[in-house]
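Report on the following structure.
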2 protein chains.
Amino acid sequence: MEKRLPTIKEIAKQLNISISTVSRALHNHPNIGLRTKMRVQQLAKDLEYEPNQNAVLFQQGKTHIIGVILPELSEAFFSSAISGIEDAAQKMNYTVLLGQSHDDIEKEKNLLDTFRKHRVDGLLISISKNSIKYDHFEALQRYNIPMVFFDRIPKIPNIHYVACNMVNGTVEAINFLFKKGHRIIGMINGPEKLPASKERLEGYIQAMTKSRLKYDPNLVVNCDLTKTGVCSATQKLLTGKRRPTAIVAFNDYVALDAVQQARNMKFKINQDICFVSYANLPISNYTAYPPLASVEQFPYQQGQKATETLIELLQKKSNEPSENNNGTYYKIILESQLMIHDSK
Amino acid sequence: MEKRLPTIKEIAKQLNISISTVSRALHNHPNIGLRTKMRVQQLAKDLEYEPNQNAVLFQQGKTHIIGVILPELSEAFFSSAISGIEDAAQKMNYTVLLGQSHDDIEKEKNLLDTFRKHRVDGLLISISKNSIKYDHFEALQRYNIPMVFFDRIPKIPNIHYVACNMVNGTVEAINFLFKKGHRIIGMINGPEKLPASKERLEGYIQAMTKSRLKYDPNLVVNCDLTKTGVCSATQKLLTGKRRPTAIVAFNDYVALDAVQQARNMKFKINQDICFVSYANLPISNYTAYPPLASVEQFPYQQGQKATETLIELLQKKSNEPSENNNGTYYKIILESQLMIHDSK
DNA sequence: AAAAACTATGCAAACGTTTGTTCATTTAGA
DNA sequence: TCTAAATGAACAAACGTTTGCATAGTTTTT
């Protein structure tokens with residue numbers, strides 16, 4: 001009992017009119033008489049006719065599909081981001097073609113190829129950690145497929161991107177600690193060259209100098225974010241000459257590892273030493289010693305905003321297809337925000 | 001400098017041969033002479049020709065796209081699942097169109113419609129928590145679009161599905177506790193009517209009776225999985241007539257809430273009372289008192305297996321398109337497995 | 001030497017739409 | 001009453017492919 005899907009052709013045949021009339025009737029084209037229009041629309045409803053998107057889009061050279069490439073779906077940050085992307089896309093009648101690079105450049109390139117073959121209308125990308133060369137992205141630009149990067153952004157000129165500014169969040173974090181009376185504040189930062197680390201450091205310096213606590217480089221320790229790295233960083237801070245009473249950790253996981261190390265060293269958490277971190281994972285509710293506060297990076301909103309930006313680009317493109325774009329590039333920066341956890 | 005993508009038509013023109021010859025040459029059709037074949041393939045490479053998937057698939061009435069509908073991408077379980085799905089699909093040259101229902105039936109229906117319009121080849125679905133009526137799925141069956149359900153499965157006959165059996169995992173969990181010397185073992189279960197709860201209970205009863213500890217209904221408490229629900233359930237167990245020395249919790253989050261409640265009641269964790277749970281989230285590494293063990297439900301593998309099953313169905317369908325299928329339905333059950341955490 | 005078989009290629013239809021152009025009819029203006 | 005304008009609908013091309021069938025040229029077979 002195979003049920004073939006109805007086409008405009010069939011409607012045309014049943015009504016003894018031409019295909020084009022049916023098409024126009026369904027689109028409320030003014031040239032079609034009211035009577036015919038009604039008849040067509042009624043029959044279409046009766047047959048449960050649905051236009052074959054594929055045919056339409058093929059005909060128009062569009063797909064209404066957005067390709068999304070991100071490193072790891074199972075990371076909390078990215079799963080929130082994709083959630084935001086998907087919601088925004090759905091709202092604008094786009095659908096999401098998904099691929100994960102697993103932080104592997106080759107996979108990233110392959111995905112780019114696959115998506116190009118699928119003729120996605122546009123791309124949303126958070127680049128793999130290991131991407132140093134960006135040829136593959138630049139190559140794509142020539143194909144005139146709009147791309148918007150988010151969160152992890154390649155260092156190439158003339159791209160659109162959405163990112164979250166960590167500087168102000170860091171400032172907020174330090175001010176929060178300052179108000180609580182802390183004067184010696186340490187930081188466990190990520191790898192030195194990582195952009196994310198740089199922003200945190202910048203915020204740290206800014207806030208410290210503004211609070212007239214001068215910036216002491218010994219209070220900032222870089223680490224590789226592995227558990228052992230975090231532990232030794234923590235140790236270094238807590239055994240240093242000027243022992244901090246509070247530590248800003250690179251993210252919630254780092255904070256938890258650091259807490260553990262501090263406890264091993266017999267420090268009393270929230271008494272001898274306090275922690276503040278980034279990410280604001282729900283995880284914090286479940287741990288014995290969650291950070292006092294955490295800087296939210298709004299992954300969902302980043303995804304959403306990036307999607308909206310991309311769709312805007314797509315619509316602009318189909319309106320004025322001639323000029324690639326007038327040399328303007330979106331650089332959208334969300335502000336991070338310190339979320340203070342309930343202290344029960 | 002708009003770069004139009006090359007088509008076989010252009011190749012044909014440049015080589016002064018017909019379109020069909022080009023097409024066949026690219027597909028290594030035996031009827032094409034070696035010389036022509038070489039020339040075509042060379043030029044294709046030079047022009048960086050890529051077949052327009054859209055055109056191909058439209059022509060063949062296929063899309064090589066799988067629609068995936070699941071409740072929440074930001075839940076750890078589903079983000080792992082989608083990861084498995086995406087990997088498996090990529091391997092078989094399919095792509096994933098993604099949608100989340102947010103546990104809302106209306107959204108679920110809309111997605112189903114969107115995906116039908118997009119003419120996805122098949123569907124992978126984990127139903128929304130609130131789906132009670134399944135008309136929309138049954139309607140889809142008539143359109144002959146293969147569907148495979150996973151994890152959350154509707155109660156309708158004649159469907160394909162992949163699920164994870166929680167019974168044996170529960171048995172393993174109880175046996176593990178038994179070996180550790182526990183004789184009074186409680187359970188914090190989910191809502192009574194939830195299939196997931198039923199399986200856990202079944203495993204519990206099975207294991208308890210086999211261990212010749214008879215089944216005591218007072219030791220099993222249902223709850224709504226909210227924090228307050230979990231707390232009162234914990235309290236009830238720990239103040240009951242027969243106080244358990246170990247508790248099996250519905251999942252890791254429940255376990256952590258229960259731990260907190262137990263500590264509030266001045267119980268010493270892993271001494272007065274032990275916990276075992278389900279999900280095996282990495283979260284456990286970061287908490288002060290992780291459950292001793294956790295039953296892994298293999299979301300990644302479920303996603304993978306479901307995808308493989310769907311693709312198998314798709315291929316079968318295109319081989320013998322006549323018979324819908326000979327009345328056989330895949331019911332694939334993965335076995336859950338108890339993962340014992342390192343006790344450091 | 002004619003028929004059969006094979007090789008290499010081209011033609012054209014088909015997939016389901018949209019849309020510019022043309023055609024036929026009706027209506028209105030003079 | 002005749003022409004011009006407006007209306008309603010059909011024709012046909014196009015999007016990029018695949019593929020059944022036809023055709024032409026070459027080789028083999030008898």
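Numbers restart at 1 for each chain; the letters A, B, ... are given by sequence-line order, proteins then strands. These numbers come from a predicted model, not from an experiment.
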For A:D103, what residues pass the salt bridge (charged side-chain N to carboxylate O under 4.0 Å, His left out) criterion, not counting sequence neighbours? A:R152
Whole-Å distance between C:dT19 P and A:N28 CG? 14 Å
Listed pairs under 3.5 Å, donor-acceptor, residues 26-38 of chain A side chains, sequence neighbours left out:
unit_1: A:H27; atom_1: ND1; unit_2: A:S23; atom_2: O; d: 2.7
unit_1: A:H29; atom_1: ND1; unit_2: A:N31; atom_2: N; d: 3.1
unit_1: A:K37; atom_1: NZ; unit_2: A:H29; atom_2: O; d: 3.3

Checking D:dT17, C:dT9, D:dA14 against the side chain of B:I8 (C-beta onward), the nearest is D:dT17
Quick one: side-chain hydrogen bond (donor to acceptor under 3.5 Å, both in side chains) partners of B:T114, sequence neighbours excluded? none
For A:R24, the salt bridge (charged side-chain N to carboxylate O under 4.0 Å, His left out) test, sequence neighbours excluded, returns none
A:H27 NE2 to C:dG16 P, in whole Å, measures 16 Å
Calculate the interatomic distance between B:I32 atom CD1 and C:dT9 atom P; express it in whole Å. 6 Å
Could a donor-acceptor pair under 3.5 angstrom be found where the side chain of B:R24 meets the base of D:dG20? yes
Validation row: B:H160, B:L310 side chains within 4.5 angstrom (heavy atoms): no
With axes from five pairs an end, tell me the bend angle of the helix from C:dA1-D:dT30 to C:dA30-D:dT1, nearest 10°. 60°
Excluding sequence neighbours, so at least two apart, what forms side chain to side chain contact (heavy atoms under 4.5 Å, CB included) with A:K331? A:Y161, A:Y329
Atom-to-atom span, CG of B:L57 to C1' of C:dA14 - whole angstrom: 16 Å
Please determine whether a side-chain nitrogen or oxygen atom of A:H29 lies at a distance below 4.0 Å from atom OP1 or OP2 of C:dT19. no
Let me spell it out: for each of B:V56 and A:R35, pick the nucleotide of DNA chain D with the closest heavy atom. Which residue's pick is nearer the 5' end? A:R35
Are there any protein N/O atoms within less than 3.5 Å of an N/O atom in nucleotides 22-25 of chain D, and if so, which ones and at what distance?
none

Side chains of A:I85 and A:F150: does their closest heavy-atom pair fall under 4.5 Å? yes
Looking at B:S23, does any N or O in its side chain come under 4.0 Å of the phosphate oxygens OP1/OP2 on D:dT17? no
List in chain and number order the residues that pass side chain to side chain contact (heavy atoms under 4.5 Å, CB included) with B:F58, two or more places apart in sequence or in another chain; answer none if no residue qualifies. A:A55, A:F58
What's the closest nucleotide to the A:A55 side chain, out of D:dA9, C:dT18, C:dT17? C:dT17
Expressed in angstrom and rounded to an integer, what is the separation of B:Q59 atom CD from C:dT17 atom P? 15 Å
For the backbone of B:P71 and the side chain of B:S128, can you confirm whether one donor and one acceptor N or O come within less than 3.5 Å of each other? no
Once salt bridge (Lys or Arg N to Asp or Glu O under 4.0 Å) is applied, what residue pairs with a partner in residues 298-314 of chain B remain, sequence neighbours excluded? B:K305-B:E308
Residues touching DNA chain C, which here means a heavy atom under 4.0 Å, drawn from residues 12-22 of chain B: B:N16, B:I17, B:S18, B:S20, B:T21
With heavy atoms under 4.0 Å as the rule, sort A:G33 into base, sugar-phosphate or nothing. sugar-phosphate
Once side chain to side chain donor-acceptor pair (under 3.5 Å) is applied, what residue pairs with a partner in residues 59-71 of chain B remain, sequence neighbours excluded? B:T63-B:D121
With sequence neighbours excluded, what pairs up with A:K91 under the side chain to side chain contact (heavy atoms under 4.5 Å, CB included) test? none
Counting just side-chain N and O atoms, does A:K9 come under 4.0 Å of either OP1 or OP2 of C:dA14? no
Can you tell me if A:T36 touches the phosphate of D:dA9, counting only side-chain N or O atoms and a distance under 4.0 Å to OP1 or OP2? yes
Atom-pair distance (CZ on A:R116; C1' on D:dG16), nearest Å: 16 Å
Verify the stacking flag for A:F58 against C:dT17: centroid separation must be under 5.5 angstrom and the ring planes must differ by under 30 degrees. no
Measure from NZ on B:K62 to C1' on D:dT18 and round the result to the nearest Å. 13 Å
For atom CG of B:N52 and atom P of D:dG16, their distance in whole Å: 7 Å
Would you state whether a donor and an acceptor, one from the side chain of B:R119 and one from the base of C:dG16, lie under 3.5 Å apart? no
Exactly one candidate in A:E106, A:Q100, A:E108 meets side-chain contact (heavy atoms from CB on, under 4.5 Å) with A:D104; the answer is A:E106
